[in-house]
S.K.: 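To start, I am sharing the structure in question, which I have written as structure tokens.
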Amino acid sequence: MGMAVTRMHIVLLHFYSHSPTPAYQQIAASLRKRGHTVWIGARDTMGDLAWQDGEHAFDVTRGPSSPPGLLRAIPLLGAFAERLLFLGFILRVRSFLRGSQPEIVQVNHASVRWLAVLPLFMPRQMHFVLDFRQVGQRGAKDLIGRFKGWLTDSWRRFCSRYIFDAACFLHPAGARKILGASWPKWGVVVPLGVSQRFLTLDEAVFDRRDDQGPVKFLYIGTLSKVRHLERLLYAVQQALSVTRDFRIDFIGLDSSQGFYRELIDELELDSVVKVLPPVPYQNVPEVIASYDVALAYVPERPAHWLYQPTMKVLEYRAVGTPIMASDNEPNRDIVREGQNGLLVQNTPESLADGLVRFVLDRSFLARCKAYARQMRQGETWDQVAGMYEQDIYQTLVRVPLRAGRSGMSVE
């Protein structure tokens with residue numbers, strides 16, 4: 001017989017963005033189906049923290065204020081004031097949690113400022129989970145940048161072991177980066193999930209593709225300069241010297257202030273490259289399936305993309321579309337070289353070689369399509385919610401002391 005499940009009050013907290021990925025919404029919905037009360041705390045468009053219970057936003061915690069203009073003009077004083085104001089915000093979140101008394105508080109760690117303050121001196125029955133959905137630094141690769149990265153990782157390691165009750169990661173590579181080779185003593189890996197619709201999409205959708213025309217490539221995601229998408233555009237420019245029998249669509253919110261549209265015009269790529277607006281999430285499976293190859297290019301910086309898989313590469317695999325992916329450890333688990341796609345280096349030359357191979361070797365493309373359809377797989381959000389429930393939450397509510405402080409493992 002299975003172990004009885006304790007019904008819990010769970011808070012999923014992320015305050016790094018007012019437009020975060022849908023992961024917490026999906027996990028929360030599945031946990032609610034399992035009988036738990038789940039609240040999400042997420043930033044709204046005003047920068048405040050809106051508390052949602054699955055039906056509506058029922059409360060708001062005032063977000064961090066901005067320092068006065070005079071202070072902002074003084075670099076060191078402005079930064080210090082900003083941190084103090086953010087501490088005030090964290091203290092307001094603590095006050096809300098004290099009044100709500102959840103058993104589990106799971107925190108997306110994206111901002112490490114005042115991270116350790118949340119769990120300190122909180123009620124013993126309230127357990128805190130540090131959720132590493134981003135691993136790495138955006139800083140420079142010079143000596144100072146590497147030193148800052150070392151300090152950040154050391155602080156994360158300390159918080160994981162001694163401040164929070166548990167640390168969870170999306171991939172073992174991320175756990176090893178933060179906690180080292182002995183990560184199972186302190187951390188738990190729970191993968192990203194995909195919506196059931198990606199896995200159950202009718203394969204008849206694939207049969208409606210025009211396999212005789214230009215090869216259609218898809219990049220789906222925010223068009224942000226931090227993603228260094230110019231490498232893809234330079235790759236397209238190089239590929240055009242070999243073949244013009246392809247098209248690439250970039251689908252997503254353009255947060256680059258038109259930078260990439262201007263670069264497309266400057267490089268004279270508009271005949272093969274289009275920037276299209278985002279599509280509703282429920283329509284994404286059909287959109288992916290309508291393309292010949294999906295691009296899972298991720299740059300070296302921000303470095304967290306090297307240690308955790310992106311949601312879109314998992315969705316590509318679940319739909320069954322061939323993938324051209326950056327060669328990093330998480331992607332190697334998803335893309336089998338020469339079977340359901342290609343692994344390439346993050347250089348315009350390597351990216352161009354990958355594009356050209358798919359375009360010129362149509363028998364190779366056909367084989368990749370066949371393998372990709374055979375290799376459709378992925379964890380559903382319901383399965384992921386079950387992992388959090390059984391592997392972390394249920395373990396913690398049976399542990400009377402902080403796991404990190406008592407040296408107890410939650411593996």
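Both backbone and side-chain heavy atoms feed into the values below; hydrogens, waters and symmetry mates do not.
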S.K.: Do we get R357 above F364's six-membered ring, with its NZ or CZ under 6.0 Å from the centre and within 45° of the axis?
M.R.: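 Relative to the ring axis of F364, which defines the angle, R357 lies inside both limits.
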S.K.: Please check if the number of heavy atoms outside F58 that lie under 6.0 Å from its CZ is greater than 12.
M.R.: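 Correct, the count exceeds 12.
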S.K.: Just to verify, what does D382 make a salt bridge (charged side-chain N to carboxylate O under 4.0 Å, His left out) with, not counting sequence neighbours?
M.R.: R34
S.K.: Between K216 and D249, is there a salt bridge with N-O shorter than 4.0 Å?
M.R.: no
S.K.: What closest approach, in Å, do N108 and Y24 show between heavy atoms, and which atom pair accounts for it?
M.R.: N-OH, 3.5 Å
S.K.: Can you list everything that forms a ring-ring contact (aromatic ring centres under 6.0 Å, His included) with W51? Sequence neighbours excluded, please.
M.R.: F96
S.K.: Which is it for Q25 and Q52 under the side-chain hydrogen bond (donor to acceptor under 3.5 Å, both in side chains) test, yes or no, and what are the steps along the way?
M.R.: CA-CA 10 Å; Q25 295 287 355; Q52 306 161 16; 3.1 Å; yes
S.K.: Distance from E230 atom CD to S256 atom OG, nearest 0.5 Å?
M.R.: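 Answer rounded to 0.5 Å: 10.0 Å.
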S.K.: Is any side-chain heavy atom of F169 less than 4.5 Å from a side-chain heavy atom of I178?
M.R.: yes
S.K.: Look at the side chain of R247 and the backbone N and O of V272, then say whether any donor-acceptor pair between them is shorter than 3.5 Å.
M.R.: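 The answer is no, because no donor-acceptor pair under 3.5 Å joins these two groups.
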S.K.: Please check: side-chain N/O of S154 versus main-chain N/O of W150, any donor-acceptor pairing under 3.5 Å?
M.R.: yes
S.K.: Okay, side chain of D153, backbone of R156: is any donor-acceptor separation there less than 3.5 Å?
M.R.: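 It does not hold such a pair.
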S.K.: Could you check if a side-chain atom of L314 sits within less than 4.5 angstrom of a side-chain atom of F198, using non-hydrogen atoms only?
M.R.: no
S.K.: Would you give the length of the straight line joining atom CD1 of I90 to atom OG1 of T61, rounded to the nearest 0.5 angstrom?
M.R.: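 I90 CD1 to T61 OG1: 10.5 Å, rounded to 0.5 Å.
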S.K.: Taking the basic N atoms (NZ, or NE/NH1/NH2) and the acidic carboxylate oxygens, is any pair closer than 4.0 Å for E329 and K177?
M.R.: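 Looking at K177 together with E329, the answer is no, because their closest N to O distance does not fall below 4.0 Å.
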S.K.: Given 3.5 Å as the limit, does a donor-acceptor pair link the side chain of E379 with the main chain of G193, or not?
M.R.: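 No: the side chain of E379 does not pair with the backbone of G193.
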S.K.: How many angstroms lie between CG in L12 and OH in Y388, if you round to the nearest 0.5 Å?
M.R.: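 Those atoms lie 9.0 Å apart.
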S.K.: Let me confirm one number: the CG-CZ distance from L130 to F164, rounded to the nearest 0.5 Å.
M.R.: 5.0 Å
S.K.: To the nearest 0.5 Å, what is the distance between CG (L199) and CZ (R317)?
M.R.: 10.5 Å
S.K.: With a 4.5 Å heavy-atom cut-off, do L179 and F132 have their side chains touching?
M.R.: no
S.K.: Spell out, as yes or no, whether a donor-acceptor pair under 3.5 Å connects the side chain of R32 to the backbone of V38.
M.R.: yes
S.K.: Do H36 side-chain atoms and M8 backbone N/O form a donor-acceptor pair below 3.5 Å?
M.R.: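 Checked: pair present.
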S.K.: Does some side-chain heavy atom of Y260 sit less than 4.5 Å from a side-chain heavy atom of K225?
M.R.: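 They are in side-chain contact.
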S.K.: Quick check: does any side chain N or O of R124 sit under 3.5 Å from a backbone N or O of F121, one acting as donor and the other as acceptor?
M.R.: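 Looks like no, no N/O pair under 3.5 Å.
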S.K.: Do you know the tightest heavy-atom contact between C168 and Q106?
M.R.: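 C168 and Q106 have their closest heavy atoms at SG-NE2, 4.3 Å.
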S.K.: Checking R43 side chain against L49 main chain: does a donor-acceptor pair fall under 3.5 Å?
M.R.: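 Judged by distance alone, no pair lies under 3.5 Å.
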S.K.: Within a radius of less than 6.0 Å around OH of Y281, do more than 12 heavy atoms belonging to other residues, nucleotides or ligands occur?
M.R.: yes
S.K.: Before accepting this row, confirm whether a basic side-chain N of the pair E286/R197 lies closer than 4.0 Å to the acidic partner's carboxylate O.
M.R.: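 A salt bridge links E286 with R197.
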S.K.: Do I334 and P309 make a side-chain contact, defined as non-hydrogen atoms from C-beta onward lying under 4.5 Å apart?
M.R.: yes
S.K.: Taking C-beta and beyond as the side chain, do M126 and P102 meet within less than 4.5 Å on heavy atoms?
M.R.: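 Yes, their side chains come closer than 4.5 Å.
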S.K.: Examine distances only and state if a side-chain atom of R231 and a backbone atom of T347 form a donor-acceptor pair shorter than 3.5 Å.
M.R.: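 Judged by distance alone, no pair lies under 3.5 Å.
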S.K.: Distance-only, no hydrogens or angles: does the H228 side chain make a donor-acceptor pair with backbone N or O of P299 under 3.5 Å?
M.R.: no
S.K.: Would you compute the distance between atom OH of Y234 and atom CG of L267 and round it to the nearest 0.5 angstrom?
M.R.: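 Taking OH in Y234 and CG in L267, the distance rounds to 6.0 Å.
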S.K.: Taking all atoms of both residues into account, what is the closest heavy-atom pair of L229 and T222, and its distance?
M.R.: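 So the two residues come closest at CD1-O, 4.2 Å.
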S.K.: Any idea which heavy atoms bring R227 and Y297 closest together, and the distance?
M.R.: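 Distance-wise, the nearest heavy atoms are O-CE2, 3.3 Å.
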S.K.: Under 4.5 Å between any side-chain heavy atoms of V313 and V298, yes or no?
M.R.: no
